[in-house]
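The sequence lines fix the lettering, A, B, ..., with proteins before strands; numbering per chain opens at 1. The figures that follow rest on heavy atoms only: side chains count, while hydrogens, waters and symmetry mates do not.
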Number of protein chains: 2
Amino acid sequence: MAEPRSAASYSGESLLYLTDEQLRQGIEAMFFAYRGFTADPDRILSDLSYGRAHHRAIHFINRAPGTTVNNLLAILGVTKQSLNRVLRTLIEDGLVESRVGQSDKRERHLFLTEQGAALEARLSDAQRARMRAAYRAAGPEAVAGFRQVLEAMMEADLRRTYVRLRDGGQ
Amino acid sequence: MAEPRSAASYSGESLLYLTDEQLRQGIEAMFFAYRGFTADPDRILSDLSYGRAHHRAIHFINRAPGTTVNNLLAILGVTKQSLNRVLRTLIEDGLVESRVGQSDKRERHLFLTEQGAALEARLSDAQRARMRAAYRAAGPEAVAGFRQVLEAMMEADLRRTYVRLRDGGQ
DNA sequence: CAGCTTATGTCAGCCTTGTTGACATTCCAA
DNA sequence: TTGGAATGTCAACAAGGCTGACATAAGCTG
């Protein structure tokens, strides 16, 4: 880092939210909050002997039906081998359908089955309920700030992916 | 959920930040941002063949020097067996020192060695740099909102732990 | 104070989900 | 038409979760 350890030492006022102490609190808040964020889906999943990896796959297949394995890889940021294991169990269990591409037969297009969509709804209902409670407790201005900071925290390529999903659907 | 699927359907105005679509965007923001949040420390750690688990242990030992294994367990939310594996390597590598308790000899009190403190500083410098950039880009009001929402998202017992660390040190 | 119960930490082994390497199939461009 | 690139699958390994079994130290109780 070329920066001084504490930026606030340079300015007596108005940058107090950038002290090491403030930043550390933000880091710990992020750590503890993420546990809450995943807690409800995790409980549902463990009953079905699935894991977080299955949830992520189901979520983004639902968001972009017909997406290819390769596309999903870019979003999830894991290796194709790792994703493949998860997809295989979801396909075997009848939650996901994989269709060979028409124009390009190397590609597999992924869709949720009725059963897969049912689990997706169950998981995201639970996760949204927690999110809704937090949003309601904090209020609209806080929510806007929350999203601004999160967006600024993303790596550049993931921010593009996030914005594309947010604005464009596909 | 006893709640309707979309709270906004009940109110024509002022609750638009609670629509399913808004909530889903918040969920995805949280997912992508967490990857950015851990990216820099992860890179440093993988060079040393350590993982995120080592980082968490080092972070909280630094925050509360002399803490016991059992106390750390409560903060990290993993089993003692799982933590033990990580601690063992950190102790073997000379980053953490474990001292048998004086009053209660069953307890082990944990401290960072000089070398451990050096790694801690390196990791948290990197993580704070990212956090500082995000905070600065978003501004103080956004930061306040960010922390409000995160706090409201935590599970109750973790929120207590978080607040205790934030306000009390130990 | 002897012996049971509880608390704490360690060791062994399993499972999920990351990883890399090897490979089959399909497409495309020289 | 053939060789390289893209896509997806299979196999094997590593990190870090988990449970179970157990050793040791304290505390409690008759």
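Dashed line: the shortest gap from a side-chain N or O of A:N84 to OP1 or OP2 of D:dG8 is not under 4.0 Å. At C:dC14, none of the side-chain N or O atoms of B:R85 fall inside 4.0 Å of OP1 or OP2 (strictly under the cut-off). Taking side-chain N and O atoms only, B:H54 has a distance below 4.0 Å to OP1 or OP2 of D:dG16.
In this structure the side chain of B:E28 reaches within 4.5 angstrom of the side chain of A:R63, judged on heavy atoms.
Side-chain heavy atoms closer than 4.5 Å link hydrophobic residues (I, L, V, M, F, W, Y) into clusters, and following such links, even through other members, never connects B:F111 to B:L95.
With D:dT7, D:dG17, C:dT10 as the choices, the nucleotide that has an atom nearest any side-chain atom of A:N70 turns out to be D:dT7. Across D:dT9, C:dT17, C:dT10, the shortest atom-to-atom separation from the side chain of B:K80 is found for C:dT10. In the set D:dG8, C:dT8, C:dT20, the nucleotide with an atom closest to the side chain of A:T79 is C:dT20.
Nearest-nucleotide mapping onto DNA chain C: of B:H109 and A:S49, the residue sitting toward the 5' end is B:H109.
Note on A:D40 versus A:R43: salt bridge recorded, some NZ/NE/NH1/NH2 to OD/OE distance being below 4.0 Å. The existence of a salt bridge linking B:E97 and B:R99 is confirmed by a sub-4.0 Å separation between a basic side-chain nitrogen and an acidic carboxylate oxygen. For the pair A:R122 and A:D125, the salt-bridge criterion is not met [side-chain N within less than 4.0 Å of a carboxylate O].
Overall bending of the helix from C:dC1-D:dG30 to C:dA30-D:dT1, expressed as the angle between end axes built from five pairs apiece, is 0° (10° steps).
When rounded to the nearest whole Å, the span between CZ of A:R88 and C1' of D:dG8 equals 11 Å. Atom CG in B:L45 sits roughly 18 Å away from atom P in C:dG18 (whole-Å rounding). Separating the CZ atom of A:R35 from the C1' atom of D:dG17 is a distance of 13 Å, rounded to the nearest angstrom. Between the C1' atom of C:dT17 and the CG atom of A:D42 lies a distance of 13 Å, rounded to the nearest Å. Whole-Å rounding puts the A:H55 NE2 to C:dT17 C1' distance at 16 Å. D:dT9 atom C1' lies 16 Å from atom CD of A:E107, rounded to whole Å. Put simply, CG on B:N71 is 16 Å from P on C:dA7, counting in whole angstrom units. A:L73 has its CG atom 13 Å from the C1' atom of C:dT19, to the nearest Å.
Side-chain atoms of B:R52 and base atoms of D:dG16 include no donor and acceptor less than 3.5 Å apart. Within 3.5 Å, no donor on the side chain of B:Q81 pairs with an acceptor on the base of C:dG9, nor the reverse.
The aromatic rings of B:H59 and B:H55 sit perpendicular, their planes meeting at an angle over 60°, well past the 30° parallel limit. Using the six-membered ring where Trp is involved, A:F32 and B:Y162 have ring planes that are perpendicular, over 60° apart on the 30 and 60° scheme.
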Run A:R130 and B:E155 through salt bridge (charged side-chain N to carboxylate O under 4.0 Å, His left out) and show every step you take.
CA-CA 10 Å; A:R130 158 106 42 173; B:E155 308 248 77; 2.8 Å; yes
Please list each protein N or O that sits under 3.5 Å from an N or O in nucleotides 26-30 of chain C, with the distance.
| from | atom 1 | to | atom 2 | distance (Å) |
| --- | --- | --- | --- | --- |
| C:dT26 | O2 | A:R106 | NH1 | 3.4 |
| C:dC27 | OP1 | A:K105 | N | 2.9 |

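Side-chain contact of B:R52 with B:T38: a donor-acceptor pair under 3.5 Å is present, judged by distance alone. Using a 3.5 Å distance cut-off with no hydrogens or angles, the side chains of A:R147 and B:Q22 do pair a donor with an acceptor.
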